[in-house]
Amino acid sequence: MSFTSLGLSAPILKAVAEQGYDTPSPIQAQAIPAVLEGKDVMAAAQTGTGKTAGFTLPLLELLSRGTKAQAGQVRALVLTPTRELAAQVAESVATYGKNLPLRSAVVFGGVPINPQLAKLRHGVDVLVATPGRLMDLYNQKAVKFNQLEILVLDEADRMLDMGFIRDIRKILAVLPKERQNLMFSATFSDEIRQLAKGLVNNPVEISVTPRNAAATTVKQWICPVDKGQKSALLIKLIKDNDWQQVLVFSRTKHGANRLAKNLEEAGIKAAAIHGNKSQTARTKALADFKSGAVRVMVATDIAARGLDIDQLPQVVNFDLPNVPEDYVHRIGRTGRAGASGQAVSLVSAEEIKLLNDIERLINRLLDREQVEGFTPVHPLPESRLTQGGKASHGRRNANAGHRDGQRSGDVARGHKPNDKNPRHQRSAQGDKDAAKPARAPRANGDGRRQNDSQPQGKAAAPHAQGPKPTGERRSHSGGNRSRNPQG
DNA sequence: AAAAAAG
């Protein structure tokens, strides 16, 4: 299977080839023809499966066949839950559309609106947006949808989690009824199906990603540690293992700031990224992290989904996520493209319940590796997969229908890209969402991308030794429900 | 309980 057989035209194929891709990922192979046929699509896929290119390519193809956008009009609208994701998708659109006479733009909050107004004035063929700023622009009559042909809802489940449902419905209400709809979501929860009901018509359903896909390529383990020792442990891990690019997840914004400061004090370049930071600071933190100017990026779950950092080798959960599904999304930031990746979680006794929830979700117990000198005074209780009485408090219900089946087996990365041979067999799925090459694509004929220079293999890091548990506990109120039942 | 997103 190659991209050339999917019905895409030369300008697009050329752009794809210049990125070094020749083999469509499973989701691309299914989504591209369906979209080109004008069908609605509902796909369960996470970032890293080639999802972004899966809709970007056919969307550009369809738009290239039609009439260009008139003043103030938008022909295709892509909605994403975070600003960073919007920027990333927009980059993908620009990359794959570079040989086409189409205009694209990205709009989101936190940055001046005037440049966005100017860009929209002439009309754009593709607009990537976060909901809030889009509504703002629409209310200012800076954007019109009379000419809208295609709507893409990316990370739809995240949108619901984040309470965007109302905005989404408002936006849907002002779009032409006649249009093509593409909806992407990590899972098909009940809420998502509910939303889909009023959105997609007789959709082609695609499901390529097992929720725990990353499990196949990411080495995961946990380090039991006392809460107060986490910073020191993290510093030791980074220094001892010489980790050069580490994405660290913190549960809170404040915690992220504090940790970044601790790391800096320990001589480790670090930056925090979260929703309370200015957009300027967020953009800079991400850019510095990608470029290597900063060694550690401490993030809240703003970065849990979708963020695409090429060849990211190491993810650390400084705190476990409150929602077990987010664990899967977090570690999905590494181990992409068949490259090796590692994800370590620093777990204190009070997090045992969260750990249990995660282990049940991924249906496996994580290896524990005690780091010398960090044996917790409060031992981390044994965890177990079974028992615990249904372990869930409703939160899991949303995914119930999705849970069975899928083990970590083959799936997502079905194409087993050979990480030693990026030039052949490179499937767009591999790198992140295929889509965006963060730095200028090199297109030097051999089909490699600039940062192929990054070490992929990193001899499985040496991690700790000799464990030693202890105990304590604390309860985490169960009811974890962040989804709005129907809007 | 926390996170993001309009300002």
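Letters A, B, ... are given to chains in the order of the sequence lines, protein chains preceding strands, and every chain is numbered from 1. The structure presented is a predicted model; accordingly, all values stated were derived computationally and were not measured.
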Would you indicate, yes or no, if dA5(B) has its OP1 or OP2 atom less than 4.0 angstrom from a side-chain nitrogen or oxygen of R282(A)?
yes
Look at the side chain of D226(A) and the backbone N and O of V377(A), then say whether any donor-acceptor pair between them is shorter than 3.5 Å.
yes
Within the side chain of T82(A), is there an N or O that forms a donor-acceptor pair under 3.5 Å with the backbone of L85(A)?
yes
Rounding to a whole Å, what distance do you find between L153(A):CG and dA5(B):P?
16 Å
Length of the line joining R305(A):CZ and dA5(B):P, which is rounded to integer Å
14 Å
Quick check against the 3.5 Å criterion: does S345(A) have a side-chain atom that pairs as donor or acceptor with the backbone of V347(A)?
no
Just how far, in rounded Å, is C1' of dA5(B) from CG of D154(A)?
16 Å
I want to verify a distance call: between dG7(B), dA3(B), dA4(B), whose nearest atom is closest to the T82(A) side chain?
dA4(B)
Is N322(A) side chain donor-acceptor paired with the dA1(B) base, going by distance under 3.5 Å alone?
yes
Where the side chain of V323(A) is concerned, which of dA6(B), dA1(B), dA3(B) is the nearest nucleotide?
dA1(B)
Side-chain N or O of R166(A) less than 4.0 angstrom from OP1 or OP2 on dA5(B)?
no
Would you mind classifying the nucleic acid contact of R158(A) as base, sugar-phosphate or nothing, using non-hydrogen atoms under 4.0 angstrom?
nothing
Integer-rounded Å distance: dA3(B) C1' and R83(A) CZ:
13 Å
Presence of T300(A) side-chain N/O under 4.0 Å of dA2(B) phosphate oxygens OP1/OP2
no
Any donor and acceptor pair, going by atom type alone, linking the side chain of R133(A) with main-chain N or O of V111(A) inside 3.5 Å?
yes
Find the distance N317(A):CG to dA3(B):C1' and express it as a whole number of Å.
15 Å
Take atom CE of M135(A) and atom P of dA6(B), then tell me their distance rounded to the nearest Å.
11 Å
Can K236(A) be said to sit on top of F374(A)'s aromatic six-ring, NZ or CZ under 6.0 Å from centre and within 45° of the ring axis?
no
Whole-Å distance separating the CD atom of E351(A) from the P atom of dA1(B)
17 Å
Rounded to whole Å, please give me the gap between CG in N114(A) and P in dA6(B).
16 Å
Look at K277(A) and dA4(B) and indicate whether a side-chain polar atom (N or O) is within less than 4.0 Å of OP1 or OP2.
no
